[in-house]
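Have a look at the structure below before the remarks.
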Amino acid sequence: MAELSTEMILFGILTRVPPKAVGRFKSVCKTWNALLSGNAFVREHCSRSAIPSNQKVLVIEHQTSSIHPINFETHDYEPGTSITIPFDHRSYDNRFIVVSILSHLNGLLCVCNKITSDLFLWNPVTTAFKRLPPPYSNDFYKDNLDAVGLYTDTHDDFKVLYIRRRDATLAVNVYSRSDESWRNIPLALPSEYLTTRFHWYSGTLCGGTLYFTVSESVVGGSNFMISFDVNSEQFHMTNFPAIPNHGIVYIHLVNAQDELVMFAATGHREMKIDMWILREGTWLRMYSFPLISLDLWCSITHYVTNGNKWFVMAKFQKIFEIDTGLMWFDRFYPVTKFQCSDGALFTETLVSPSI
């Protein structure tokens with residue numbers, strides 16, 4: 001009984017230490033290694049890791065890649081540490097990094113080699129990765145046609161939802177980390193939504209649902225949203241807020257404490273920003289913010305909350321702050337796409353790309 005109690009105490013303590021420290025503790029003895037390598041420990045450690053000190057920014061530029069801590073007091077990037085991407089990631093002439101970050105969940109990044117179209121699941125902390133087998137023999141992920149979303153099901157199985165468009169036809173497949181295989185999910189949409197006129201953005205997971213925004217690639221084009229219930233595996237058309245479409249439209253979805261928040265910027269050279277929250281199937285406009293210039297908006301990488309304020313961040317630059325009066329826990333909320341580089345704000349965990 002005493003031995004069990006000691007193990008439980010050790011379990012509780014080590015789930016609170018940083019991921020890199022856990023790796024060092026594994027070498028203490030066989031008992032510790034077995035404890036720290038188990039799925040139960042990894043799940044519990046992951047659930048405790050979503051705090052500012054464990055959140056880092058991975059930046060992939062043309063020739064370099066680095067990880068940066070963020071100072072939660074000042075909201076500034078701190079000096080970064082260069083990292084080596086452990087899978088095929090350079091152009092044929094070995095000059096440029098050709099990896100694009102598509103989505104991220106629980107410390108795992110889903111990334112694509114833009115030349116070979118290969119998809120990888122990658123944990124930058126442990127450096128572990130897995131190349132996903134292509135569900136089709138002819139080609140894999142195309143940046144201007146396809147979209148992905150990451151989620152875990154009720155059995156704690158990590159899954160990749162892959163939406164593929166070719167020749168105005170649509171195919172949806174789900175990859176299971178536990179089964180290491182793909183299977184098809186039915187989805188029927190009007191034919192015009194399947195053409196290259198519409199761009200699909202990576203899914204945002206919130207409250208057991210993946211949300212995909214789809215925008216027409218013309219000024220004044222239409223926008224809509226499709227949701228995927230990860231438990232029933234059913235797709236639905238989701239109501240879209242009344243966003244003006246007479247100019248350029250940029251839409252970013254954020255999961256803020258299991259509330260789906262949309263930041264919609266509309267206009268031309270000056271962008272008007274509205275903040276919407278989806279509650280019980282209805283979009284509520286919470287705030288409208290001062291105009292900002294288009295070039296700054298395109299550079300936004302993530303948001304950060306501190307008390308009631310939201311800070312809109314760009315690469316190594318804080319653009320402005322928004323006093324919403326709404327209280328979420330102090331967290332960073334990422335926007336995956338960077339300007340002139342790729343990146344993601346991820347949580348350091350021990351989650352493995354493979355079982």
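Predicted model only: the values in this text are computed from it and were never measured. Reckoned from all heavy atoms, side chains included, excluding hydrogens, waters and symmetry mates.
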- If you measure from CG on Asp143 to NZ on Lys114, what distance do you get to the nearest 0.5 Å? 7.5 Å

- Linking I/L/V/M/F/W/Y whenever their side-chain heavy atoms sit closer than 4.5 Å, directly or via other members, would Val172 and Met237 fall into one cluster? yes

- Distance-minimising heavy-atom pair for Pro133 and Tyr175: CD-CE1, 3.7 Å

- Whether Asp146 side chain and Arg165 backbone form a donor-acceptor pair below 3.5 Å: yes

- Message: Set out, in order, the CA-CA distance, both residues' side-chain angles and the distance that settles side chain to side chain contact (heavy atoms under 4.5 Å, CB included) for Leu187 and Phe228, then state yes or no.
- Response: CA-CA 10 Å; Leu187 172 60; Phe228 175 75; over 6 Å; no

- Item | Short side-chain to backbone donor-acceptor contact, Glu216 and Ser222, under 3.5 Å | yes

- Item | Derivation and outcome, side chain to side chain contact (heavy atoms under 4.5 Å, CB included), residues Leu102 and Tyr162 | CA-CA 11 Å; Leu102 307 177; Tyr162 170 42; over 6 Å; no

- Message: For the residue pair Arg131 and Phe87, would you count it as a cation-pi contact if the rule is NZ or CZ under 6.0 angstrom from the ring centre and within 45 degrees of the ring axis?
- Response: no

- Query: So, Thr84 side chain and Pro86 main chain: donor-acceptor pair closer than 3.5 Å or not?
  - Reply: no

- Item | Flag if over 12 foreign heavy atoms under 6.0 Å of CG, Asp167 | no

- Of the non-hydrogen atoms in Gly203 and Ser103, which two are nearest, and what is the gap between them? O-OG, 4.1 Å

- Out of curiosity, Glu348 CD to Thr126 OG1, how far, rounded to the nearest 0.5 Å? 10.5 Å

- Task: Any chance you could measure Tyr151, atom OH, to Asp157, atom CG, to the nearest 0.5 Å?
- Result: 8.5 Å

- Message: Taking Phe158 as the starting point, is it possible to reach Trp182 by hopping between hydrophobic residues whose side chains are less than 4.5 Å apart?
- Response: yes

- Message: For the residue pair Asp93 / Ser91, report whether a side-chain donor-acceptor contact shorter than 3.5 Å exists.
- Response: yes

- Note on the structure: Taking every heavy atom of Ile85 against every heavy atom of Ser65, the minimum-distance pair comes out as CG1-OG, 4.0 Å

- Query: In Å and rounded to the nearest 0.5 Å, what is the CZ to CG distance from Arg164 to Leu170?
  - Reply: 10.5 Å

- Task: Is it possible for you to say whether Tyr201 and Tyr211 belong to one hydrophobic cluster, with membership spreading through side-chain heavy-atom contacts below 4.5 Å?
- Result: no

- Query: How about Lys130 and Glu180: do any of their side-chain heavy atoms sit closer than 4.5 Å?
  - Reply: yes

- CA sep, side-chain torsions, deciding dist, call: Ser227, Thr238, side-chain hydrogen bond (donor to acceptor under 3.5 Å, both in side chains): CA-CA 6 Å; Ser227 61; Thr238 301; 2.9 Å; yes

- Over all atoms of both residues, closest heavy-atom pair of Asp139 and Arg166: OD2-NE, 3.0 Å

- Message: For Ser215, is there any backbone N or O sitting under 3.5 Å from a side-chain donor or acceptor partner on His199?
- Response: no

- Side-chain donor or acceptor of Asp88 paired with backbone N/O of Asn113 under 3.5 Å: no

- Query: What's the verdict on side chain to side chain contact (heavy atoms under 4.5 Å, CB included) for Met262 and Leu278, showing C-alpha distance, side-chain angles and the deciding distance?
  - Reply: CA-CA 8 Å; Met262 176 186 291; Leu278 184 63; over 6 Å; no

- Sub-4.5 Å side-chain heavy-atom contact between Asn223 and Thr213: no

- Query: Does Leu161 reach the side chain of Phe212, with side-chain heavy atoms less than 4.5 Å apart?
  - Reply: yes

- With Leu105, which of Thr347, Val160, Leu205, Thr349 fulfils side-chain contact (heavy atoms from CB on, under 4.5 Å)? Leu205

- Note on the structure: Output for pair (Ile251 CD1, Asp274 CG), nearest 0.5 Å, gives 11.0 Å

- Query: Quick one: do Leu145 and Leu119 end up in the same hydrophobic cluster if we chain Ile, Leu, Val, Met, Phe, Trp and Tyr together by side-chain heavy atoms under 4.5 Å apart?
  - Reply: no

- Message: Has Trp276 got a side-chain atom pairing as donor or acceptor with Ala264's backbone, closer than 3.5 angstrom?
- Response: no

- Message: Under a 3.5 Å distance rule, please check whether Ser66 uses its side chain to pair with a backbone N or O of Thr81 as donor and acceptor.
- Response: no

- Note on the structure: One should read off an interatomic distance between Arg279 CZ and Leu284 CG, to the nearest 0.5 angstrom, of 6.5 Å

- With the threshold set at 4.0 Å, does a side-chain nitrogen-carboxylate oxygen contact exist between Asp153 and Lys159? yes

- Query: Hey, does the side chain of Asn123 reach the backbone of Val351 with a donor-acceptor pair shorter than 3.5 angstrom?
  - Reply: yes

- Message: Could you see if Leu210 belongs to whatever hydrophobic cluster contains Leu189? Use Ile, Leu, Val, Met, Phe, Trp, Tyr and a side-chain cutoff under 4.5 Å.
- Response: yes

- Task: Please test Trp122 against Leu58 for side chain to side chain contact (heavy atoms under 4.5 Å, CB included), starting from the C-alpha separation and ending with a verdict.
- Result: CA-CA 12 Å; Trp122 173 34; Leu58 171 64; 3.7 Å; yes

- Item | For the student: nearest non-hydrogen atoms of Cys112 and Tyr141, plus distance | SG-CD2, 3.7 Å

- Query: Closest heavy-atom contact between Ile277 and Glu259?
  - Reply: CG2-OE2, 4.0 Å

